[in-house]
Amino acid sequence: MVLRRLSTLVAALTLLFGGMLVAAQPASAAARILYYDASTAQEFVSAVNQGAAIWNARVTNVKLQPVPAGRTPNIRVYADNG
């Protein structure tokens with residue numbers, strides 16, 4: 001009788017805390033995409049694209065992508081002679 005109550009208690013605690021452990025784990029969020037415009041970066045366009053590729057290889061929650069046509073960029077890269 002005591003063994004039955006103990007096993008019932010253990011089963012109930014496992015269900016209770018097992019569900020809490022599963023619920024406590026954060027869901028993996030989708031990466032945020034920031035669009036960049038390097039069209040005014042003059043001779044540094046390839047360096048900007050390479051930098052974005054390096055960033056994307058190392059950072060998982062924020063991705064850098066070239067701005068698609070018709071969309072406003074989050075980041076603009078300028079190069080000038082000044």
Side-chain angles (χ1 to χ4, degrees):
M1 178 115 149
V2 172
L3 186 58
R4 179 179 280 173
R5 285 185 183 176
L6 183 59
S7 64
T8 302
L9 177 62
V10 169
L13 289 174
T14 301
L15 287 173
L16 176 66
F17 289 113
M20 292 171 98
L21 290 175
V22 169
Q25 296 175 351
S28 60
R32 164 106 185 199
I33 297 174
L34 296 178
Y35 295 104
Y36 68 91
D37 180 8
S39 63
T40 56
Q42 298 179 18
E43 68 269 18
F44 303 108
V45 171
S46 63
V48 172
N49 292 332
Q50 184 180 14
I54 292 169
W55 173 276
N56 290 337
R58 288 176 173 78
V59 178
T60 58
N61 59 345
V62 177
K63 296 294 179 191
L64 301 175
Q65 292 184 0
V67 65
R71 184 165 180 116
T72 302
N74 303 98
I75 302 165
R76 284 198 168 105
V77 182
Y78 295 98
D80 63 20
N81 293 330

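By convention here, the first residue in the shown sequence is residue 1.
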Of all residues at least two apart in sequence or in a different chain, which pass the side chain to side chain donor-acceptor pair (under 3.5 Å) check with T40?
none
Can you tell me how far apart CG (L34) and CD (Q65) are? Round to the nearest 0.5 Å.
9.5 Å
What heavy-atom pair brings A38 and V48 nearest, and what distance separates the two atoms?
CB-CG1, 3.8 Å
Which donor-acceptor pairs under 3.5 Å do side chains of residues 72-82 form with protein atoms, sequence neighbours excluded?
unit_1: N74; atom_1: OD1; unit_2: Y35; atom_2: N; d: 2.8
unit_1: D80; atom_1: OD1; unit_2: G82; atom_2: N; d: 3.1

Using side chain to side chain contact (heavy atoms under 4.5 Å, CB included) as the criterion, list what pairs up with P66, not counting sequence neighbours.
Y36
Sequence neighbours left out, what passes side chain to side chain contact (heavy atoms under 4.5 Å, CB included) with A47? Give chain and number order.
none
Side-chain donor-acceptor distances from residues 52-59 under 3.5 Å, at least two apart:
unit_1: W55; atom_1: NE1; unit_2: V62; atom_2: O; d: 2.9
unit_1: N56; atom_1: OD1; unit_2: L64; atom_2: N; d: 2.8
unit_1: N56; atom_1: ND2; unit_2: A52; atom_2: O; d: 3.3
unit_1: N56; atom_1: ND2; unit_2: L64; atom_2: O; d: 2.8

